[in-house]
Amino acid sequence: MKESATEYDWSMTSSDDPRMSALVSGAQLAAARAYAPYSSFAVGACVLADDGTVFSGCNVENASYGLTVCAERNAIFQMVAAGQQRFRAIVIYTPTAEPTPPCGACRQVLSEFSRDAVVVSVCNGPEVRRSTVAALLPDGFELKGR
Ligand code: THU
């Protein structure tokens with residue numbers, strides 16, 4: 001397993017790679033569907049599964065705030081429900097001036113499925129943040145040693 005960002009082939013995260021622009025469009029569409037009446041902070045995520053299929057998710061909030069589910073986890077759960085458990089990339093879009101990296105809970109969920117996947121955060125400004133799941137969550141929790 002590739003654990004180091006330096007070993008990863010970043011070429012597909014170039015904004016002119018058609019796979020990347022499809023993921024960005026999917027994340028933008030998902031963000032437009034966010035249910036975020038409490039925070040007014042819309043997030044969209046789009047995952048590229050190993051078989052080439054794409055899954056989207058938005059954040060879904062609740063009046064009982066703690067029940068809110070982030071966009072990244074909703075996208076991953078869509079992927080798993082469709083029968084895919086490995087992914088190559090996830091793009092996170094927020095309609096903000098700066099990109100938004102995934103929260104800690106989402107990093108743990110991403111780590112469950114593909115530590116070598118690329119994580120790209122895009123926004124309405126020029127900055128793009130690129131990382132890998134392994135780099136965002138070193139030493140993530142694994143249920144072992146029982
Ligand atoms: N949110 C996400 O969707 N993804 C993250 O990684 C961080 C936060 C959502 C949850 C909530 O609806 C809103 O952003 C503000 O926290």
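Counting starts at 1 for both ligands and their atoms, in listed order.
In the candidate list Thr68, Asn74, Thr100, Thr68 is nearest to atom 10 (C) of ligand 1, counting heavy atoms.
A donor and an acceptor atom, one from each side chain of Ser39 and Glu61, are located under 3.5 Å apart. For the residue pair Asp51/Gln84, the side-chain donor-acceptor check at 3.5 Å is satisfied.
Protein heavy atom in closest approach to atom 4 (N) of ligand 1: Glu72 OE1, 2.8 Å. Atom 1 (N) of ligand 1 has as its closest protein heavy atom Cys70 SG, 3.6 Å. The protein heavy-atom contact nearest to atom 12 (O) of ligand 1 is Glu61 OE2, 2.5 Å. When hydrogens are left out, the protein atom nearest atom 9 (C) of ligand 1 is Asn59 ND2, 3.6 Å; that is the closest non-hydrogen contact. Atom 14 (O) of ligand 1 has Phe41 CD2, 3.5 Å as its closest protein atom, hydrogens excluded (heavy atom only).
Close approach of ligand 1 to Ser39 is summarised as follows: ligand atoms under 4.0 Å from at least one heavy atom of the residue are 13 (C), 15 (C). Proximity to Pro102 (heavy-atom distance under 4.0 Å) selects the following atoms of ligand 1: 6 (O).
Both Val47 and Val119 belong to a single network of hydrophobic side chains, linked directly or stepwise wherever heavy atoms of I, L, V, M, F, W or Y lie under 4.5 Å apart. Under a hydrophobic-cluster definition in which Ile, Leu, Val, Met, Phe, Trp and Tyr are linked whenever side-chain heavy atoms come within less than 4.5 Å, directly or via other members, Val120 and Val54 are assigned to the same cluster. Hydrophobic cluster membership differs between Phe87 and Val91, with clusters built from Ile, Leu, Val, Met, Phe, Trp and Tyr side chains linked at under 4.5 angstrom.
At a 4.0 Å cut-off, not a single heavy atom of Ala36 sits close enough to ligand 1 to count as contact.
Here the side chain of Thr132 pairs a donor or acceptor atom with the backbone of Ala135 at under 3.5 angstrom.
Remark: of the listed residues Leu137, Leu136, Asp139, Leu137 is the sole one forming a side-chain contact (heavy atoms from CB on, under 4.5 Å) with Ser111.
One finds a salt bridge joining Asp116 and Arg86 here, because a Lys/Arg side-chain nitrogen approaches an Asp/Glu carboxylate oxygen to under 4.0 Å.
In this structure, atom 16 (O) of ligand 1 has its sub-4.0 angstrom surroundings free of protein heavy atoms.
Polar contact with ligand 1: present for Ala71 (N/O pair, distance under 3.5 Å).
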